Structure formats: structure tokens, C-alpha cells
Amino acid sequence: MHIGIRTWGLLAVVILGSSNRAFADDWPVHSGDKLGTRYSSLEQITPDNVDDLEVAWRYRTGEKERRGEKAFEQSKDQSIPLLVAGNLVICTPFNRIIALDPANGNERWVFDPDIPLDLVEPTTYGCRGVAYWRDESSTDEEPCHERLLFGTNDLRMFAIDAKTGKRCAEFGDGGVVDLPPSKPELYRGEVQYAFPPIVVNGVTILGSTIGDNQRIDTPSGKVQALSAKTGEKLWEFEPIPRSAADPAFATWGNNSALVNGSANVWSNMAADEGRDMVFLPVSTPAPDNYGGTRPGNNEYANSLVALRASTGEMIWHYQILHHTIWDYDLAPQPLLVDLPRDGEMVPVVVQNTKQGLIFVFHRETGEPFFPIEERPVPQGDVPGEWYSPTQPFPVKPPPLIKPTVTPDDMWGFTFWDKGKCREMLETLRYGDMYTPPSLEGSVISPWTGGGANWGGPAFDPERGLMIINTSRVMKVSKLVPIEEADKDTKGDDFHYGPAEKMHGTPYAIKDQLFVSPWGAPCNTPPWGGLTALDLAEGTIKWDVPLGSIEDHLPLPIPWNLGVPNIGGPIITASGLIFIAATMDQVFRAFDIETGEELWRDKLPATTMTTPITYQVNGRQYIAVVSGGHGEVPSVRGDYVLGYALAAD
């Protein structure tokens, strides 16, 4: 499921107060490779010279003028570029595909699918990237030998030539396939295709985004597979088991698997092409914050699922979270790496979570690489709700975020606001992770924007280090009877935003970030962090704050208390981490050995996506899209920037 306006509205409070691996010059997959490593072997830019990094070129998409103020403000600019077929390829929130000269940012061609501007708020226009496939059955001279594949806001999938931007005639109906939802949408934009598909040995696998907390019977969250060459439908995988013959059906009480929807795969998938495996991070079933209509663990929702990419056959699955009522989707892309153990290299898959927990499994079998324990968790008393008595916790690595909330965790700029935070805490339910939403209000830590979110981790195979960024703020969730959802709550201590009515249930949900009267998070900083982990040992090497509150101070002095962040890091072989995901509008480079910040540059807009790196004509570039998000009070723009070392 996507991060909706409710979640981003909470964030505003804080801000205002074809191979698996690509060790080459290009960047052919949104995460660098299909394994999800976000790693490049380039090393021209080093810790010693990164301070000489500067903007080499700048491009603007012009979407604000093209679409008009209203549609532009209803968009999120989070594209991750590709460097393929000699072009730097980006997509705009309106699914325009643009090819640039990677050396100077000059526009080469544009493809516009001409989507209608009729999405209903809070739905936003968005495109987080496209996929690339090389057709080995054709020659380089033939059209669409190299092609781009992508879904759209209006539920179509296109295939276009990566060199020219022209439609691939043999794909579907003249280059396009319609992929309607399983049932009529409740509103225009309830279902979207916002993330790039993943292509595994010629099979294009696509997930979907489905609106949160609107109804129990949302459209199916099915994952669809098409031929990358012809667009022919090959298989579907339904994360909610619709047949009683499926063993997981019994984990959906009252036959709710026949009614409830979602449990979609809205984030990035990962693939091991050699093993014909694709890994799905499955999200929450509808609705997100009440599960009384779906008693039981609700498998395969909130699970890491490994499928045979060619057929859709399930190989194994592991449920990361039983019967979720927290909107803790599996958002980060799975990471596929090899780790040493007992003198051998073991293929594993690593699943980071919004909770800040990290699960590591044997890639082929699903057996835990580190032990996982079922531990008792807090229970609730909301009439009609069903609570799982336990949840899985990995023994290693340690949590990225403190898994408990106590009065000692309260923080303030002064004794006064710290005291106010403590007073508010005592009016709420709080304690261990998985404290459930309640009628009086519960502290949910971390908030459902993360922990780790869709930006995902990066991995350095030489050092064995995983780098992951996290948001570390808390929120308050309160259930109210649905008939009282529209009641005025101006006198409420937490100034909750509008309630979201979960139709088909007795309740609506109200959320608010847990902040002081001055608008600062009540929990101890950092409120955003960057962490390096030794995956083989399951230990944290270093952890540093990510982001500064300098823009909110009388003088612009960097005060690195950390800030919420969306997007991810990349790593270069020279030992640099680049990340531009923070809400403070700053692009940074860190030393991977120490976590020291080595370089920073102020971006023209708030940037909530992931950069890439590539090399052209012997010169290494770092490219990033900088455009902001319409659901966040952010600096908006339509920029694409290419950085390089200062020319001699």
C-alpha cells in the first residue's frame, strides 16, 4: 500500500516545527541490479576528492507549467533514473518518459502516454521508475531490441524502444496492455502502477498500489506477470488465498479471504535470475488499522514470498508480521547477497522493515540465517478486534530503533516541553513494540512511515556492509466509532487530523505524530538515522544521525538531530555512500568506514528518492531527481541534476 495523505500530513508537523549484478558504467535497474544492492564498482569519486563534487548539468521537466498548479501539487516526483542504451532515462509523475544525454543533461526524446488528469485526492500522480529489458532474440538494429517497460497511473503497461522512445509494436496492442483492477475502483486512483516492474528472464512482473483504510473489500493485490516481448499474460499471484484448498486460507477467519482485498506488492521486488526466483515484499490487507473482520494471522499478507519467476509457483514464504493492525507494510526492497558461514558462502535474502527489524533467510529454502523467536506482544481490548498473541523477532541483527517507549524516552528543547511530552504520554497506551491502536490512543513506535521505507538498503560486497536509512519518530493512533468520525476534536490534546472511515468496520482511525506543543518530536533524537551493519556477524558497525534542523533555527547552523527521510542510499567501490532522502533538502556523501559526513550540497527542491551513479567518457556522475512531494509541505520543483568532479 502506498503512503497516503494521512501519513504525510503527520510528517508535515515534524517538518514545520538484464543480469543480476551490474558492475559496469551503466545503471540498468532502479536499484543498480536486480539483487537490490545499489552498489557501483566506480571509484573515480573518492573520500579524498568528494569535496570537489559539483553540479555538472541541470535539467527541468517543465511539468508544473505543462500540467497546471492543481495537478502538479497533487504529484510526487520520486523517479529513480536508469542509464541504458546510452540514455539517462527518467519518468515524471505523469508517466512522461524522458531520455537525456547523460554527459550534459540535454533532452534527446520524450514519450508521453497522455494519462488523464482525473485522479481523486488524496491519490497522487507518481512514477518511481521504469524497467529495462534486452531482447536477445533480436538484433541490435531491430526496433525494440532494447526496451523500457512501465505501468501508469491509469492502469496501463507500455513497452517502448530504449533508444528512440517509440512504441514496441509487437507488445500488446501497439505497445500497450490494459491491466484493469479486479473490481471497480471506489474512486479514480484507488489502484495505480507507480513502481517499476522487475524483468526476470523475459518475464515482466508488476505489483500495484492500493489506497489505504477506505474499505475492507478493496481490489485484489494480485501480482501480474507478462511477457516482456509480447505483453501476453503469463501468470498471476494472489497474496490473499482465495481457495479453501490453500493451507493459508485457514488463517483468514470467517472466510474473510473471500472478501478482504489489498495485501498488494506496492514496493520494489528483487530477483535471482540464475535461480529463476523473484522475491515479493507483501503489504497489509485492507483495512490497515482494524482486523476484526479478518481474524487470524492472515497469511500471505505482510510476508516475504519467494516465487518461481517463470511460472508464479510459490517456493517458500515467511510471515514477518501476524495480523497487522499498524500499517506496517513490507516496504523496503528485499536484498539478495551472499554471506560467509562455516567456510562457505550462503545465498541469503535480507528483509528490512518499517519496525526497524531485520530478517535474514536462506534464499533457496527460507530457513532463517539467524534465529527468529516468537515473543508475546501487547494485547488490546477494542471490541471486535482479534489480536495475535505473539510476533516474530530476529535474534540478530539488533533492532535499528529502540523497541520500547518509556517516560525516560521523552525529550524537549527545554524542561517545559519535555514535561509536556511526559504529561501527554501518561494519557496514552505505550510500552513495547506492537502496542495496538486503542480507543483512548496508543503510541505507535516507530510511526508507519518507517523505520525503513521503500528506499531500501545498499550493500557493499567487498566490506560485507549493509547501509540502511531510517525514520525514528512516533505517532499516536486512536480508533473512534465510525458514527463519531466527523465529530469536532479541536479540544483534543493531539489535534488529530480528519478521521479515515474504514468502511465495512465499526471504526475510523485518527493519527497524529507524537510531538510537543512546539511541534518537535517528543522522543529522544536522532529522528532520522543512517546505519552500517556487518551482515555476516549480524552487528551494527556504526549509526549516525541523518539530517539537520538548521532550516528551522534562527541561524542556519547544522544541528544534526536527524530528520524523517524517504528514499535510499547508494554505495561506490571507493567507499562512499550517497543519499538525498532527507526532508532538509540536502544531498550528502558519507565515509562507509566511519559514517562521517564528507560532503553536502543544498538541492533545489525537497528530494525523496534515490540517486544513481554511472560513467560516461571516463567521467563519473551522480544523478538525482529533485522535485518534492505534493502531500508534504516541501519545496517543489521539477529538477534532474548531474554531479561530477570539477573539470580540470
Side-chain angles (χ1 to χ4, degrees), residues 10 213 251 253 284-285 287-299 301-303 319-330 353-359 372-395 398-410 421-452 470-481 493-494 496 502 505-514 521-524:
L10 303 180
N213 268 335
T251 67
T284 300
D288 296 70
N289 294 114
Y290 178 76
T293 62
R294 47 177 172 84
N297 280 355
N298 305 149
E299 298 175 2
N302 301 93
S303 299
Q319 190 172 55
I320 301 293
L321 179 59
H322 309 316
H323 188 82
T324 183
I325 47 178
W326 299 272
D327 193 17
Y328 280 150
D329 298 335
L330 286 192
T353 67
K354 287 185 177 182
Q355 303 93 293
L357 303 177
I358 304 169
F359 294 80
I372 300 172
E373 298 176 345
E374 287 284 338
R375 300 174 186 169
V377 293
Q379 301 294 287
D381 56 7
V382 172
E385 183 59 275
W386 187 95
Y387 300 95
S388 175
T390 65
Q391 294 291 351
F393 288 83
V395 173
L400 297 174
I401 299 171
K402 186 173 180 286
T404 59
V405 177
T406 71
D408 290 340
D409 296 318
M410 296 300 98
C421 287
R422 285 196 171 191
E423 289 178 15
M424 290 189 291
L425 180 68
E426 294 306 324
T427 69
L428 303 167
R429 292 195 178 187
Y430 66 91
D432 292 338
M433 181 185 290
Y434 299 127
T435 295
S438 61
L439 296 174
E440 61 266 49
S442 297
V443 178
I444 308 299
S445 178
W447 73 310
T448 50
T470 51
S471 296
R472 305 177 183 183
V473 294
M474 306 183 298
K475 74 169 184 176
V476 179
S477 288
K478 182 177 182 179
L479 290 166
V480 297
D493 287 341
F494 293 96
Y496 293 103
M502 296 180 282
T505 82
Y507 299 102
I509 185 73
K510 293 185 176 184
D511 283 342
Q512 172 61 51
L513 282 182
F514 190 14
C522 276
N523 57 294
T524 302

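Predicted, not measured: the structure shown is a model, and the values here were computed from it.
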Taking side-chain contact (heavy atoms from CB on, under 4.5 Å) as the test, write out the residues that go with P506, two or more places apart. Y290
Hey, could you give me the CG/CG distance between D288 and D327, rounded to the nearest 0.5 Å? 4.0 Å
Using a 4.5 Å cut-off on heavy atoms from C-beta on, say whether the side chain of N302 contacts that of I320. no
Can you name the side-chain contact (heavy atoms from CB on, under 4.5 Å) partners of P383, sequence neighbours left out? L439, Y507
Contacts of type ring-ring contact (aromatic ring centres under 6.0 Å, His included), residue H322, not counting sequence neighbours: none
My understanding is that only residues two or more places apart in sequence, or in another chain, count here; which of them pass side-chain hydrogen bond (donor to acceptor under 3.5 Å, both in side chains) with S442? S438
Any residue meeting salt bridge (charged side-chain N to carboxylate O under 4.0 Å, His left out) with E373, in chain and number order, not counting sequence neighbours: R375
Among residues at least two apart in sequence or on other chains, which ones pass side-chain hydrogen bond (donor to acceptor under 3.5 Å, both in side chains) with T293? none
Atom pair CD (Q319) and CG (L321), whose distance is rounded to the nearest 0.5 Å: 7.0 Å
Residues in ring-ring contact (aromatic ring centres under 6.0 Å, His included) with Y434, at least two apart? W326, F393
Check: T284/D329 side-chain N/O donor and acceptor closer than 3.5 Å: yes
Shortest non-hydrogen contact from P399 toward P403: CG-CG, 4.5 Å
So P437 and V382, do their side chains get closer than 4.5 Å, heavy atoms only? no
For D408, the side-chain contact (heavy atoms from CB on, under 4.5 Å) test, sequence neighbours excluded, returns T406, R422
Which pairs pass salt bridge (charged side-chain N to carboxylate O under 4.0 Å, His left out) with one or both residues in residues 382-395, sequence neighbours excluded? none
Taking salt bridge (charged side-chain N to carboxylate O under 4.0 Å, His left out) as the test, write out the residues that go with R472, two or more places apart. D543
As an exercise, state the distance from OG1 of T324 to CD of Q355, rounded to the nearest 0.5 Å. 7.5 Å
Could you tell me which residues satisfy side-chain contact (heavy atoms from CB on, under 4.5 Å) with Q379, sequence neighbours excluded, listed by chain and number? V377, Y387
For E426, enumerate each residue passing the salt bridge (charged side-chain N to carboxylate O under 4.0 Å, His left out) test, keeping only those at least two apart in sequence or located in another chain. none
